[in-house]
Colleague: 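Quick one: structure below, then a few questions.
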Amino acid sequence: MQRFKKTGVLVLALFFVLAAMPGKAAASGKTLRVGVREDIMHMGYLNSNTGKYYGLEIDLADKLAEILGYTAVEYTSVNPENRKDMLLTGEVDCLIAAYSVEATRLENFDFSPAYYTDYSCVMVEKSSLIHELSDLVGKKTGVLEGANTAPKLYQKMLDMELLTEEDSKGSSLIKLASYEEMSVALEEGTVDAVCMDGCIARAYMEDDREILEETVGQEEYAVATLKDSELSQPVAEAIQRMLDDGTIEGLIEKWN
């Protein structure tokens with residue numbers, strides 16, 4: 001009888017230990033399916049030769065899965081055009097894909113505390129004679145299709161009274177399908193400038209290019225999960241834990 005009581009106490013103690021670890025018991029033996037980018041060097045990048053993903057967000061996903069008790073991580077490449085639907089339809093459990101917290105996204109998704117802060121910026125060829133945002137008036141600016149940089153740049157130029165809702169003054173935003181296409185368009189002169197997040201722009205920097213000092217808007221990258229899902233709170237707690245203990249700071253230093 002005494003042995004039974006001791007066993008019961010141990011089982012109960014184990015239960016409370018598992019309960020104290022966010023999502024640990026529920027995730028045990030499962031695979032965490034994460035939507036990630038494959039085209040952002042140092043953040044989420046797929047090596048086509050090895051078939052392996054690398055970057056800050058990949059390491060973050062690995063550590064998140066470990067904290068939550070998942071035994072494996074399955075990566076799925078997403079882009080600004082499909083990542084929302086991939087999460088809504090359940091093809092991935094969460095997004096760790098340079099996905100910023102925006103009011104328009106809160107209707108469908110929960111976000112963890114932000115793990116990375118960035119700023120949207122404009123990159124140009126040094127020979128372009130574009131040195132500030134006002135020089136974009138009457139020019140073609142390349143933006144990524146599906147990304148939120150386009151509306152932010154448009155709103156920024158409205159706020160600066162560089163154009164009005166009725167008159168674009170010849171300015172135009174050219175939507176392109178990938179960052180590689182944006183870089184090529186800039187080199188070939190199809191566009192006069194490109195607008196993207198700073199961490200992405202740095203990956204496409206060359207000696208004959210520069211980034212304007214004026215930023216377009218701040219971006220707070222966070223892990224996105226379905227609204228009110230069972231995963232939302234455990235993910236938020238795990239990310240906060242990694243922020244508090246310096247894990248995320250270490251990853252940023254590693255990949256920056």
Side-chain angles (χ1 to χ4, degrees), residues 33-48 53-58 60-61 74-112 114-123 136 140-157 171-186 190-191 193-205 211 215-227 235 239 255:
R33 301 170 302 155
V34 185
V36 297
R37 297 300 295 269
E38 64 171 30
D39 57 346
I40 306 179
M41 194 72 69
H42 306 306
M43 293 294 285
Y45 182 77
L46 176 62
N47 185 317
S48 57
Y53 290 87
Y54 300 92
L56 186 158
E57 293 182 323
I58 307 305
L60 181 63
E74 177 184 292
Y75 297 111
T76 299
S77 296
V78 300
N79 58 53
E81 282 288 280
N82 67 14
R83 57 190 174 186
K84 174 182 177 180
D85 290 336
M86 294 281 280
L87 184 52
L88 284 174
T89 58
E91 293 180 66
V92 295
D93 300 315
C94 63
L95 294 174
I96 308 181
Y99 200 46
S100 56
V101 182
E102 299 289 345
T104 55
R105 294 168 176 168
L106 296 177
E107 179 180 353
N108 296 307
F109 306 129
D110 289 323
F111 287 89
S112 71
Y115 57 80
Y116 191 88
T117 299
D118 203 356
Y119 295 86
S120 296
C121 62
V122 174
M123 183 167 63
L136 293 178
K140 297 178 180 178
T141 304
V143 294
L144 187 69
E145 190 170 5
N148 62 9
T149 47
K152 284 191 174 183
L153 176 59
Y154 175 69
Q155 187 60 51
K156 178 85 171 184
M157 295 182 74
S171 306
S172 59
L173 299 179
I174 309 300
K175 294 184 178 181
L176 298 166
S178 70
Y179 293 118
E180 182 64 30
E181 285 188 31
M182 292 173 68
S183 180
V184 171
L186 184 61
T190 307
V191 297
V194 293
C195 185
M196 59 183 73
D197 292 356
C199 67
I200 304 168
R202 289 192 293 274
Y204 290 93
M205 273 296 289
I211 295 175
T215 58
V216 174
Q218 181 172 303
E219 307 291 341
E220 297 282 347
Y221 296 163
V223 182
T225 51
L226 280 177
K227 191 75 174 177
V235 165
I239 294 297
W255 289 102

Colleague: Please tell me if the side chains of V36 and E57 come closer than 4.5 Å, counting only heavy atoms from C-beta onward.
Modeller: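 Result no, sub-4.5 Å side-chain heavy-atom pair not found.
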Colleague: Are more than 12 heavy atoms from other residues, nucleotides or ligands located less than 6.0 Å from atom NZ of K227?
Modeller: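 Atom NZ in K227 is crowded, with more than 12 foreign heavy atoms closer than 6.0 Å.
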Colleague: Any side-chain heavy atom of Y154 within less than 4.5 Å of one from S171?
Modeller: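 No. Closest side-chain heavy atoms not under 4.5 Å.
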Colleague: Under 4.5 Å between any side-chain heavy atoms of Y116 and E219, yes or no?
Modeller: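 Not touching, per the 4.5 Å side-chain cut-off.
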Colleague: Return the OH to CD distance between Y204 and E180, rounded to the nearest 0.5 Å.
Modeller: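 Going from the OH atom of Y204 to the CD atom of E180 covers 5.0 Å.
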Colleague: What's the shortest heavy-atom distance between C121 and G198, and which atoms?
Modeller: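 Scanning both residues completely, I find the closest heavy atoms to be SG-CA, 3.8 Å.
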Colleague: Between R33 and G90, is there a donor-acceptor pair closer than 3.5 Å when you use the side chain of the first and the backbone of the second?
Modeller: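 Here the side-chain-to-backbone pair exists.
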Colleague: Which heavy-atom pair separates Y53 from T76 by the least distance, and what is that distance?
Modeller: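 So the minimum-distance heavy-atom pair works out to OH-C, 4.2 Å.
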Colleague: Atom CD1 in I239, atom CG in L60: separation rounded to 0.5 Å?
Modeller: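 Answer rounded to 0.5 Å: 4.5 Å.
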Colleague: Could you state the interatomic distance from CE (M182) to CG (L144), rounded to the nearest 0.5 Å?
Modeller: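 Here the interatomic distance stands at 6.0 Å.
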Colleague: Would you mind reporting whether P80 and R37 have side-chain heavy atoms less than 4.5 Å apart?
Modeller: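 Yes, at least one pair of side-chain atoms sits under 4.5 Å.
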Colleague: Which heavy atom of A203 sits nearest a heavy atom of M41, and at what distance?
Modeller: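 Result for this residue pair: CB-CB, 3.8 Å.
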Colleague: Just how far is it from atom CD1 of I96 to atom OG of S112, taken to the nearest 0.5 Å?
Modeller: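 The distance works out to 8.0 Å.
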Colleague: Quick one: pull up CD1 in I200 and CE in M123 and give me the separation to the nearest 0.5 Å.
Modeller: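 Going from the CD1 atom of I200 to the CE atom of M123 covers 10.0 Å.
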Colleague: Using modelled atom types and a 3.5 Å cut-off, is there a donor and acceptor pairing between side-chain atoms of D85 and backbone atoms of N82?
Modeller: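 Between the backbone of N82 and the side chain of D85 there is no qualifying donor-acceptor contact (under 3.5 Å).
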Colleague: Determine whether the aromatic ring centres of residues Y45 and Y54 are separated by less than 6.0 angstrom.
Modeller: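 Y54 vs Y45: aromatic centres not under 6.0 Å.
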Colleague: Does the pair T117 and Y221 meet the rule for a side-chain hydrogen bond (donor to acceptor under 3.5 Å, both in side chains), with working shown?
Modeller: CA-CA 6 Å; T117 299; Y221 296 163; over 6 Å; no
Colleague: Between CD1 of I58 and CG of L46, what distance do you get to the nearest 0.5 Å?
Modeller: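 Reported value, rounded in 0.5 Å steps: 9.0 Å.
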Colleague: State, yes or no, whether a side-chain contact exists between V34 and E74 at a heavy-atom distance under 4.5 Å.
Modeller: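 In short, these two side chains do not touch, never coming nearer than 4.5 Å.
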Colleague: Of all heavy-atom pairs between S77 and M86, which one has the smallest distance, and what is that distance?
Modeller: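 Shortest heavy-atom contact: O-CE, 4.3 Å.
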Colleague: Classify the side-chain pair D39/S178 by whether it contains a donor and acceptor separated by less than 3.5 Å.
Modeller: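 Judged by distance alone, the side chains do not pair up.
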Colleague: Flag the pair N108 / K84 as yes when at least one side-chain heavy-atom distance between them is below 4.5 Å, and no otherwise.
Modeller: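 SC-SC contact between N108 and K84 confirmed.
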Colleague: Decide, yes or no, whether a salt bridge links E102 with K152 under the criterion of side-chain N to carboxylate O below 4.0 Å.
Modeller: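 Salt bridge flag = yes for K152 with E102.
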Colleague: Quick one, V191 and T141 - any side-chain contact, counting heavy atoms below 4.5 Å?
Modeller: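 With C-beta onward as the side chain, the pair stays apart.
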Colleague: Looking at every heavy atom in both A222 and F111, which two are closest together, and how far apart are they?
Modeller: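 It is CB-CD2, 3.9 Å.
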Colleague: Please identify each residue that fulfils salt bridge (Lys or Arg N to Asp or Glu O under 4.0 Å) with D197, with sequence neighbours left out.
Modeller: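 Here no residue qualifies.
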Colleague: Test side chain to side chain contact (heavy atoms under 4.5 Å, CB included) on I211 and M205 and set out the steps.
Modeller: CA-CA 8 Å; I211 295 175; M205 273 296 289; 3.8 Å; yes
Colleague: Evaluate M43 against C199 for side chain to side chain contact (heavy atoms under 4.5 Å, CB included), listing each step before the verdict.
Modeller: CA-CA 8 Å; M43 293 294 285; C199 67; 4.0 Å; yes
Colleague: Using every non-hydrogen atom in the two residues, find where A193 and L136 come nearest and quote the distance to one decimal.
Modeller: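 Heavy-atom minimum between the residues: CB-CD2, 3.7 Å.
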Colleague: Is K140 close to S172 at the side-chain level, that is, under 4.5 Å between some pair of heavy atoms?
Modeller: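 Of all side-chain heavy-atom pairs linking K140 with S172, at least one is under 4.5 Å.
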Colleague: I'd like to know whether L153 forms a side chain to side chain contact (heavy atoms under 4.5 Å, CB included) with L173, so could you lay out the CA-CA distance, the side-chain angles of the two residues, the decisive distance to 0.1 Å, and finally the verdict.
Modeller: CA-CA 9 Å; L153 176 59; L173 299 179; 3.7 Å; yes
Colleague: Would L87 and F109 count as a side chain to side chain contact (heavy atoms under 4.5 Å, CB included) here? Give the steps.
Modeller: CA-CA 9 Å; L87 184 52; F109 306 129; 3.5 Å; yes
Colleague: Please check this pair: side chain of D110 against backbone of T225, looking for a donor-acceptor N/O pair closer than 3.5 Å.
Modeller: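 Looks like no, no N/O pair under 3.5 Å.
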